[in-house]
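Here's the structure, in C-alpha cells; my notes come after.
Remember, predicted model here, so these are calculated numbers, not experimental data. When a residue number appears, it is its place in the shown sequence, counting from 1. Side chains are part of it too, since the values below use all heavy atoms of this structure and drop only hydrogens, waters and symmetry mates.
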Amino acid sequence: MEVIVKYNGDIFSVADKTGAQAERLSEGYAILTLPDGSLDELYLFTEIEDIEIPKRLYLETSKQLSSSCITAVQSMTGQGLSGEGVIVAVIDSGIDYTHSAFRYENGETRIISLWDQTIEGSPPNGFNEGTEYSREQINHALLQDLPFMTIPSRDIQGHGTAVAGIAAGSSEMNSGVAYASELIIVKVGRRGSDFFAQSTDIMRALRYCIDKARALGRPAAINLSFGMNNGSHDGTSLFEEFITSAANEWKVVIVTPTGNEGAAGHHYECRISQGQTKDIRFFTASGIEGFYISMWKSFVDSFSLELIYPDGTGSGIIRAEDHRKTVSSPGLITDIIYGQPTRYSSDQEIFISVRARDGYISSGAWTIRLRPSAVFNGRISLWLPATEEVGTRTYFSEPSVYNTMTIPSTAKKVIRVSGYNDSIGSIAPFSGVGSRDDTEMMPDISAPSVNITAPAPGGGYDSVTGTSFAAPLVTGSAALIMEWGIVRGNAPFLYGERLKAFLRLGAKRRQDAEYPDPSFGYGKLCLEETMRQLEKYSFI
C-alpha cells in the first residue's frame with residue numbers, strides 16, 4: 001500500500017528497514033510504498049511525523065476569451081501576449097498529442113514532455129511508475145502513419161485534451177489563452193486505469209512539473225482540474241499541505257477549480273447541543289457499489305452514532321471508545337472509524353464507509369443518529385462523495401451549499417476558480433461555493449464554465465461544461481501575466497501569491513454586491529484590467 005508521510009531525517013533509511021520503496025517529493029514530504037502488514041511498524045520511527053492514507057480524486061467534469069477580457073491582451077494593439085517562454089503544465093487525464101492544437105505549423109509538437117503514469121515502462125528519474133516521453137520521441141511518433149503504435153498514451157476521457165486546449169491550444173479558429181506556451185503533460189492514475197487518480201499520483205505529478213520547469217529555468221502555470229470530498233476541507237490534510245508547500249517553490253502558480261458540488265446536496269452542516277439526539281437523513285441512488293461519509297467535529301465533543309439503513313435495520317450504536325468497528329449485515333459491510341487530531345488540526349474525523357457485499361447497495365433513505373454525551377463546540381460538517389463518484393441522486397435531505405469547494409481547491413496558496421455562465425452572467429448552479437464568513441476559504445476568481453469550446457480527442461472541437469474548464473482560462477491568463485512580468489522583464493517576481501493578488505484586483509465586480517463573495521470570490525476574470533493594474537506599479 002502507499003502512504004503519504006511527513007518526515008524528518010533520512011526517509012530512505014526508514015524505507016530500507018521496513019522493506020518499503022521511498023519517493024522523496026520535497027523536504028519533509030515523501031510517498032512510501034509498503035509491504036502488506038507493515039503500516040503499524042512505520043509509526044515506531046522517530047523520523048515519521050505524520051501519516052496519511054491516499055484518497056481518490058475524480059476529474060471535475062460536467063466566446064470565453066472575450067468575456068474574460070483576454071482577447072484584448074493577446075492583441076498586438078494591447079500587450080501582444082501569447083504565453084511565449086512560459087510553460088503550461090496540465091495534470092489531468094492525458095492529451096491527444098496528435099491534435100493540431102498542440103503542434104507548431106511545421107507539425108512538430110509543442111509538448112516538452114509527457115509522463116503517462118498508467119503505462120508501465122520507463123518512469124522519470126526519481127519515480128517508480130509510468131512512462132515518460134520526450135519531445136523527440138513524440139515528434140518521432142508524429143511522423144508515423146500510426147503514431148499511437150509508437151507512443152500508446154491516449155486521453156480516453158477527453159478531459160485533459162480539453163483543459164490543455166483551453167489553457168494553451170493553438171488554432172486560427174479556436175485558439176486557447178496562452179497559445180504560444182509549451183506544455184508539460186502528466187496523465188495521472190493507477191496503472192491501467194483511466195478513470196480516477198489517488199492523491200499520491202497528484203503529488204508525484206506536481207513534483208515532476210515543478211522540477212521540470214526549474215531545470216529549464218522557465219516559469220510555469222500548473223492546472224489541476226481534479227476534486228474530491230474526502231477530507232475536512234480546511235487545508236490541513238498532508239495532501240493539501242504538500243500542495244501549499246509546492247506552491248511556494250520555483251516560479252509557479254497552481255490553479256484549481258472549486259468543483260461541481262454547489263447544487264449536488266453532498267454537504268451538510270449544523271450545530272448540536274448537549275442531550276439533543278440529532279437525525280441526519282440522506283438518500284442513495286440505485287446502481288452504486290458503495291459510498292462514504294466524511295464527518296468532522298471538534299475532538300473535545302463526544303457522541304455516539306448509529307447508521308440506520310433503508311430497510312430499517314441499523315449498525316447498532318458505535319461509540320468513540322470503539323475506535324473502529326466493522327458491521328456485517330446480509331447485503332452490506334459498514335466500517336466506522338473514529339480518527340484522531342493531527343499536528344495540523346484539533347478536529348476529529350468520523351469516517352463511515354458502506355459497500356455492498358455483491359453488486360449494488362439498496363437505494364433509499366438512510367439516517368445517521370447522533371447522541372451527544374459531551375458538547376463544547378457542537379459544530380459538525382459532513383460530506384458525501386463528489387458527483388463524479390455517486391451522481392446527483394445521492395444527497396442529504398437538508399444540504400448546505402456553503403463549503404462545497406472540493407479538495408484540493410481548499411489548499412492554501414493555490415488560485416481557486418469558480419464557474420459562471422457568461423451567457424447570462426450568473427454563477428453556474430453546480431459551481432463549488434466557499435465559506436459564508438471566512439474569506440480565506442472562498443474562491444479567488446470566477447471564469448466562464450458553461451459551453452466552452454475546446455479540442456476533442458481525434459481532432460476537431462467540442463463544447464464542454466464544468467469548473468474544470470473555467471480553471472484553464474485562469475491558468476492560461478497566468479501564463480500571459482508571467483510572460484509580461486518574468487520573460488519580458490517587467491516584474492521578475494510576478495508569480496505565486498503576487499500574481500493571484502493582481503488577478504483579484506483586476507476582476508470585474510458589480511456595484512451592488514459585496515466582495516469577496518462565497519460564489520464569485522473577488523469577481524469575474526478580466527485579464528485586460530489586471531494588466532492595466534500591473535502597468536501602474538513599478539517592480540524594478
Which is it for Gln117 and Arg204 under the side-chain contact (heavy atoms from CB on, under 4.5 Å) test, yes or no, and what are the steps along the way?
-> CA-CA 10 Å; Gln117 295 180 347; Arg204 292 181 177 103; 4.0 Å; yes

[X] side chain to [Y] main-chain N or O, any donor-acceptor pair under 3.5 Å?
X: Ser181; Y: Val86; answer: yes
X: Arg416; Y: Met442; answer: yes
X: Asp201; Y: Val188; answer: no
X: Glu528; Y: Ala72; answer: no
X: Asn451; Y: Ser463; answer: no
X: Ser431; Y: Gly419; answer: yes
X: Thr404; Y: Val433; answer: yes
X: Arg154; Y: Gly94; answer: no

Taking the six-membered ring for Trp, are Phe502 and Tyr537 ring centroids under 6.0 Å apart?
->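 Between Phe502 and Tyr537, the centre distance is under 6.0 Å.
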
Phe12 and Tyr7: aromatic ring centres closer than 6.0 Å?
->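 No, they do not, as the ring centres are separated by 6.0 Å or more.
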
Nearest 0.5 Å please: distance from the [atom1] atom of [X] over to the [atom2] atom of [Y].
X: Leu183; Y: Ile87; atom1: CG; atom2: CD1; answer: 9.5 Å
X: Leu216; Y: Ile184; atom1: CG; atom2: CD1; answer: 6.0 Å
X: Glu105; Y: Ser100; atom1: CD; atom2: OG; answer: 11.5 Å
X: Leu384; Y: Asn229; atom1: CG; atom2: CG; answer: 8.0 Å

Can you confirm whether the side chains of [X] and [Y] place a donor and an acceptor under 3.5 Å from each other?
X: Glu132; Y: Tyr208; result: yes
X: Thr131; Y: Asp116; result: no
X: His99; Y: Thr161; result: no
X: Thr150; Y: Gln144; result: no

Are Glu182 and Arg135 ion-paired here, with the side-chain N under 4.0 Å from a carboxylate O?
->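 Salt bridge present between Glu182 and Arg135.
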
Give a yes or no on whether a salt bridge exists between Glu497 and Lys412, defined as a side-chain N under 4.0 angstrom from a carboxylate O.
->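 No salt bridge links Glu497 with Lys412.
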
Step by step, work out the side-chain hydrogen bond (donor to acceptor under 3.5 Å, both in side chains) result for Asn260 and Thr467.
-> CA-CA 6 Å; Asn260 301 329; Thr467 57; 2.9 Å; yes

Beyond-backbone contact of [X] with [Y], side-chain heavy atoms, under 4.5 angstrom:
X: Gln198; Y: Glu2; answer: yes
X: Leu57; Y: Phe239; answer: yes
X: Ser435; Y: Asn403; answer: yes
X: Tyr522; Y: Leu503; answer: no
X: Phe520; Y: Arg510; answer: no
X: Ile445; Y: Arg504; answer: no
X: Ile210; Y: Ile222; answer: yes
X: Ser68; Y: Pro448; answer: yes

So which heavy atom on [X] is nearest to which on [Y], and how close?
X: Ala478; Y: Val253; result: CB-CG2, 3.7 Å
X: Ala471; Y: Asn223; result: C-OD1, 3.4 Å
X: Val464; Y: Ala162; result: CG1-CB, 4.3 Å
X: Ser93; Y: Gly160; result: OG-N, 2.8 Å
X: Ala213; Y: Ala220; result: CB-CB, 3.8 Å
X: Gly227; Y: Thr406; result: CA-OG1, 3.8 Å

Could you give me the CA-CA distance, side-chain angles and deciding distance for Glu261 and Thr387, then say whether side-chain hydrogen bond (donor to acceptor under 3.5 Å, both in side chains) is met?
-> CA-CA 7 Å; Glu261 293 292 291; Thr387 301; 2.7 Å; yes

Which of these, Glu483, Glu535, Arg488, sits in a side chain to side chain donor-acceptor pair (under 3.5 Å) with Gln79?
->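 Going through Glu483, Glu535, Arg488 one by one, the side chain to side chain donor-acceptor pair (under 3.5 Å) with Gln79 is satisfied by Glu535 alone.
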
Among Gln533, Lys536, Glu529, side-chain contact (heavy atoms from CB on, under 4.5 Å) partner for Leu505 =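 It is Gln533, the one option of Gln533, Lys536, Glu529 that forms the side-chain contact (heavy atoms from CB on, under 4.5 Å) with Leu505.
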
Determine, stepwise, if the pair His266 / Trp383 fulfils side-chain contact (heavy atoms from CB on, under 4.5 Å).
-> CA-CA 6 Å; His266 292 159; Trp383 283 271; 5.7 Å; no

Could you walk me through whether His159 and Ser468 pass the side-chain hydrogen bond (donor to acceptor under 3.5 Å, both in side chains) check?
-> CA-CA 8 Å; His159 191 278; Ser468 273; 2.8 Å; yes

Might you confirm whether atom [atom1] of [X] has over 12 heavy atoms from other residues, nucleotides or ligands at distances under 6.0 Å?
X: Lys508; atom1: NZ; value: yes
X: Glu49; atom1: CD; value: yes
X: Asp512; atom1: CG; value: yes

Under the side-chain contact (heavy atoms from CB on, under 4.5 Å) criterion, do Thr530 and Ile481 qualify, and how do the steps go?
-> CA-CA 9 Å; Thr530 291; Ile481 292 170; 3.9 Å; yes

Could you walk me through whether Leu224 and Val414 pass the side-chain contact (heavy atoms from CB on, under 4.5 Å) test, one step at a time?
-> CA-CA 10 Å; Leu224 187 56; Val414 299; over 6 Å; no

